[in-house]
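What follows is a single structure, written as structure tokens, with notes after it.
First listed ligand is number 1; within each ligand, the first listed atom is number 1.
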Amino acid sequence: MKVSIIGQGYVGLTISLFASAVHEVIGFDTNQTIVNDLNRGLSHIEGVDSALLAERIADKHFRATSNPKDILESEIVVIAVPTPLSKDRKPDLAYVDAACKTIGENIGHPVLVINESTSFPGTLRNYIKPTIEKSSNKPVEHMYAISPERVDPGRGDFNQKNTPRLFAGLTPEASAKTREFYSKFCDQLVEVSSPEVAEAAKLFENTFRQVNIALVNEFAQIAHALGISVYETLDAANTKPYGFMKFTPSAGVGGHCIPVDPTYLAAVAEQNGAPATFIRRANEVNLEMPKYVVDRVQADNSGTLQGKSVLVIGIAYKPNVADVRETAAELVIKHLRDRGAVVSWHDEVVGSWHGESSAPLSGADIAVVITKHDVVNEQHILASAPYVFDTTGKVAGAKGL
Ligand SMILES: NC(=O)c1ccc[n+]([C@@H]2O[C@H](COP(=O)([O-])OP(=O)(O)OC[C@H]3O[C@@H](n4cnc5c(N)ncnc54)[C@H](O)[C@@H]3O)[C@@H](O)[C@H]2O)c1
């Protein structure tokens, strides 16, 4: 099948490489630097192998482009663009809108459009389809389907092949073609009765994680107030063989999914008159964690951070990736600076961020571990400052949650 994948980021590039094992894939992205790098066989995503990318280019199974005319001959167009929150933390479909216009303005024959971008129930039916139709120069009867993406960047055990894939078409024909497309490279397809169910399931999966993370973050604060170890308590609870799933505390949630997707669910719930108080509160608890961490660090350091040098270790939102979107480190650094601390950060995986570069892992008054990459040595962390506060539970011997 001739397939175009709009957006060549974490999701789009990952799916491009799996799909191009069996299909002919054009990776369309508006970022010319990414396009140039991809065409030189350079992957910008952890877990997407540059050697495999180069192989697919050499086989003529994959090519990147920023020219919308290159998607003209597609049978299938997959949308994999960002769905972030706006400044006032509301769903922002501007990238989806632009992708729909690219499809509408450039494709004049019927194709299957599959949305993999995460969004609220009704997006495919009430937003994507009308936007494409409105921007088409002539009436075209495209097919439409949703298959929410479940990729977890940096993860080795589950990938596009062995992670069951939900999907639903707006019509039986769209469902059938969607199955045909994915079944060539994905072991298990799960068809649901409507696109809205697939869209909602994706949001609920991430909301489940968000509320459980918030719960364990709140529990960490309770455990500290009670003078017991949160980690020992969680391990104890986890000996129950059923009805319990262990989550661990942290400085908050990050990435493009957990801090964002539940807000999409809450927004659509409230538009439909259903309260989402639990989801909203979970989001607040997670967003309050950076302040709690800094309060704890300040309390342990004679009640003041004024003039103290603080090294924040690990600014990526999770281990072994360079992704800093929505990272809790950002708020931790803000709270530290607001209290007069002189803050630098160490993260060789990220390298540079907000015009600053990774600082040496040494010489600070205080170190605060937000994310522990595997490449960072535990002993080096402990030696980086006389006081080390660890939010990850991975640095034995440090103070922590
Ligand atoms: N990253 C994840 O782990 C993950 C997991 C599951 C689902 N998702 C969802 O997948 C979607 C994509 O996320 P991502 O992490 O791949 O984002 P990303 O930021 O890594 O990549 C998006 C890419 O789209 C490109 N782009 C933006 N607008 C474009 C346009 N109009 N036309 C062509 N290209 C355009 C950007 O240049 C970028 O390269 C989001 O809805 C996200 O919620 C992400």
Report task. Report the C-alpha separation of Val332 and Met289 in whole Å, then their side-chain angles, then the decisive distance to 0.1 Å, and conclude whether the side-chain contact (heavy atoms from CB on, under 4.5 Å) test is met. Result -> CA-CA 9 Å; Val332 169; Met289 273 314 275; over 6 Å; no
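Taking the six-membered ring where tryptophan is involved, the planes of Phe208 and Phe247 are perpendicular, since the angle between them exceeds 60° and thus also 30°.
Sorted by first and then second residue, the pairs that involve residues 227-240 and meet salt bridge (charged side-chain N to carboxylate O under 4.0 Å, His left out), not counting sequence neighbours, are Asp235-Lys246.
Using a cut-off of 4.0 Å between Lys/Arg side-chain N and Asp/Glu carboxylate O, Glu24 and Lys2 are scored as salt-bridged.
Annotation: His23 is in aromatic contact with Phe181 [ring centroid separation under 6.0 Å].
Taking the side chain as every heavy atom from C-beta outward, Leu361 and Leu311 approach each other to under 4.5 Å.
Contact shell of ligand 1 (protein heavy atoms, cutoff 4.0 Å): Ile6, Gly7, Gln8, Gly9, Tyr10, Val11, Phe28, Asp29, Thr30, Asn31, Ile34, Ala80, Val81, Pro82, Thr83, Tyr95, Ala98, Ala99, Ser117, Thr118, Glu149, Val151, Pro153, Lys202, His256, Cys257, Arg325.
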